[in-house]
Amino acid sequence: MSSEQVGKTVRELSPKSTLSFGNGSWWLFCLAIVALKFLLLALDPLPKLYLGDSLSYLWTAISGWIPPDRSYFYGYVIRWLSGWTQSLTSLLIAQVFLGAVIAITLAWICRVMFGLSEPLSYFFGFLCAIDPLQLAWERYVMTETFSLFFYALVLQQSFVYLRDRRITTLVVIQCLSIITIGFRMIFLVIVEVMAFALPLIAFLSEIKSGETATTVRSGRLRFLNRASFWGHLATSVVAMFLLDQGYKQANGFLSHREPDHLYGTGYFLLAAWAPTLQPQDAADSRLAEIIQHGSEFGLRNPSLRLAQRFTPGCLIDRWRHTETDERKSSQIARRTALNAFLRNPAAVIGLAAKTYFASWSREMMENSAKSDVAFGIPEDQRQLAALGIPEDQRQLTEQQLRSQNAERFHFVLTSADIASNPQTLTKWYYIAGWPYYFVVLLSPLLSFVLLFVAAKKACPLLLFVHTAVMFAVTFLLTTYPAPRFLHSLSFLTILILALTVKSLLDRWKNAHGEDVVVC
């Protein structure tokens, strides 16, 4: 039997679509998830802000300004959803609805792609719906929900591609990937990696009927001789390249600058890896001098990395005052950070490891969760400058921010210390969910174990690559432990747990003479 016939047989044995679910149980599940999400919204309906990020997105919605260090799609979404209603409530309604769709998408993957039973698929979909990381950030003027929605679609289409191996699906995945990074740039590395890796996983996992283990091992790379593989790989890479270039051109056009993904990446990397910097890493003698005197502002202290980025008198503030050309100073900062990484990658990885292991403290995790939901708003123009808002647009004082938002969105910004406000349901739940965050921290290990537990390797390998890359990027770029940074990893963790359950059930069935593993 040919590989095409094998693939056709597997597709025939797989559940066709959500419409084939019996007795309307699928649609009842969808309705229940939507109802649950909006019931929780009714219990906690107020929009919430996160220092810096929310302000940038609101200012984009009001003025069209493009932030130098954040993806800009979300600001326009706020303008489109809340501008005509003059209320941020419409934004929250959209985010809550997308949160429901995310949970439904996960259940669809479990049922159609993993072949889990309906009850188990609905169970994992329900777990996704009540994920504290999702529920909390659905209330915030933040990109988490929109970006995760498109990332979930990327994963869903990736599983479909592994099953059907169609070039059109690859193109759809790349389009969804560009939209995803347009909402949150943390996904850039994984979507670029998967442009190469997804066709490799699909063809590498191909096994013909009747092949022995020895034959499989000896002929594992024979797909490299097939024109179809190279066609799929070329389509995926070229589509990603063209769409990525289009995104950078659009960002440059709107920002009136050179094409790029972000314009504050150099500052971010320099601050994140500040403790590892040495004068010889600097791409400019003036920056080398600043690094040489790093003891004056705690350069070697890993806990001060966020301060190095935003606090006046620290690393980035000193460098920006030394080199006032924003384009040049950011480029020098980026080259310097990369020089430090290339000189001593172990030191940078060690910083990431320290952040990771610090996350395993209950006190740290609980306090970080409290900190996530307790950020206020800037009080003066010095903090506005630290956010990257140009001087000619830095007219907003705290009072003017209140006035602008009250006028545009009928939303009055409260005290700068939001932690002093009454506790809300989602805030409490987010903090109380700290034990679950330890499970998410184990996601790379869980995905690695899944590779050995699952009989079929395509889906586990896809989850492993996504989890490993997202985990590495998260902790290499994280300056302090915080549950917020685990948002996308939580979605992957639930998928890993679901596929693990499916794999264990398959092993039990095989031991009792039953068969059929879908993915």
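A donor atom on one side chain and an acceptor atom on the other are not found under 3.5 Å apart for Arg184 and Ser71. Using modelled atom types and a 3.5 Å distance limit, the side chains of Thr355 and Arg305 yield a donor-acceptor pair. For the residue pair Ser255 / Tyr72, no side-chain donor-acceptor distance below 3.5 Å is found, with atom types taken as modelled. A donor-acceptor pair shorter than 3.5 Å cannot be found between the side chains of Glu366 and Tyr437. With 3.5 Å as the limit, one finds no donor-acceptor pair spanning the side chains of Tyr151 and His487. Ser25 and Glu118 share a side-chain donor-acceptor pair at under 3.5 Å.
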Go through the steps to decide whether Leu88 and Ile78 satisfy the test side chain to side chain contact (heavy atoms under 4.5 Å, CB included), and finish with yes or no. CA-CA 8 Å; Leu88 292 175; Ile78 297 173; 4.2 Å; yes

Can Phe146 and Leu98 be said to form a side chain to side chain contact (heavy atoms under 4.5 Å, CB included), step by step? CA-CA 7 Å; Phe146 271 88; Leu98 289 185; 3.5 Å; yes

Show your reasoning for whether ring pair (Phe, Tyr, Trp, His ring centres under 6.0 Å) applies to Tyr430 and Trp434. CA-CA 7 Å; Tyr430 185 77; Trp434 64 265; over 10 Å; no

Does Trp26 form a ring pair (Phe, Tyr, Trp, His ring centres under 6.0 Å) with Phe29? I'd like the steps, not just the answer. CA-CA 5 Å; Trp26 169 255; Phe29 165 75; 5.7 Å; yes

Side chain to side chain contact (heavy atoms under 4.5 Å, CB included) between Val449 and Val453, worked out: CA-CA 6 Å; Val449 171; Val453 173; 3.9 Å; yes

Stepwise, does the side-chain hydrogen bond (donor to acceptor under 3.5 Å, both in side chains) test hold for Glu326 with Tyr267? CA-CA 10 Å; Glu326 285 293 317; Tyr267 301 138; 3.1 Å; yes

Quick one: do Phe149 and Phe183 satisfy ring pair (Phe, Tyr, Trp, His ring centres under 6.0 Å)? Show the steps, please. CA-CA 10 Å; Phe149 167 71; Phe183 280 102; 9.1 Å; no

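Checked against the 6.0 Å centroid criterion, the rings of Tyr140 and Trp137 qualify as a close aromatic pair. Not less than 6.0 angstrom separates the ring centroid of Phe73 from the ring centroid of Phe150. Ring centers of Phe471 and Phe475: under 6.0 Å apart, within the cut-off.
Residue Lys502 forms a side-chain contact (heavy atoms from CB on, under 4.5 Å) with just one option from Leu504, Thr500, Asp506, and that option is Asp506.
In Trp428, the CH2 atom is not crowded: 12 or fewer heavy atoms of neighbouring residues, nucleotides or ligands sit closer than 6.0 Å. Heavy atoms from other residues, nucleotides or ligands lying under 6.0 Å from CZ of Phe38 number more than 12. Around the OH atom of Tyr429, the shell of radius 6.0 Å holds more than 12 heavy atoms that belong to other residues, nucleotides or ligands.
Looking at Gln245 and Phe241, their side chains come closer than 4.5 Å, going by heavy atoms from C-beta outward. A heavy-atom distance below 4.5 Å is not found between the side chains of Ser177 and Phe187. Counting only heavy atoms from C-beta outward, the side chains of Ser236 and Leu198 never approach each other to under 4.5 Å. Counting only heavy atoms from C-beta outward, the side chains of Gln174 and Leu243 approach each other to under 4.5 Å. Side-chain contact between His261 and Lys248: present, with at least one pair of heavy atoms (C-beta onward) separated by less than 4.5 Å. Side-chain contact check for Ile102 versus Cys128: some heavy-atom pair is nearer than 4.5 Å. Asp131 has its side chain out of reach of Leu135: every pair of non-hydrogen atoms, C-beta onward, lies at least 4.5 Å apart. Taking the side chain as every heavy atom from C-beta outward, Val141 and Lys48 never approach each other to under 4.5 Å.
Residue Ile33 comes nearest to Ala129 through the heavy atom pair CD1-CB, 3.9 Å, listed as atom of the first residue, atom of the second, then distance. Among all heavy-atom pairs drawn from Ser368 and Ala482, the shortest one is CB-CA, 4.0 Å. Contact record, Asp317 with Thr311: CB-O, 3.8 Å, taken as the closest heavy-atom pair. Leu495 and Phe114 make their closest contact through O-CE1, 3.7 Å (heavy atoms, listed as atom of the first residue, atom of the second, distance). Closest approach of Cys110 to Ser121, counting heavy atoms only: C-OG, 3.5 Å. Of all heavy-atom pairs spanning Leu92 and Pro45, the tightest one is CD2-O, 3.4 Å.
The NZ atom of Lys370 sits 13.0 Å away from atom NZ of Lys427, with the distance rounded to the nearest 0.5 Å.
A cation-pi arrangement, defined by a distance under 6.0 Å to the six-membered ring centre and an angle within 45 degrees of its axis, is absent between Arg79 and Tyr57.
Using cut-offs of 30° and 60° for the angle between ring planes, the His256 and Phe253 rings count as tilted.
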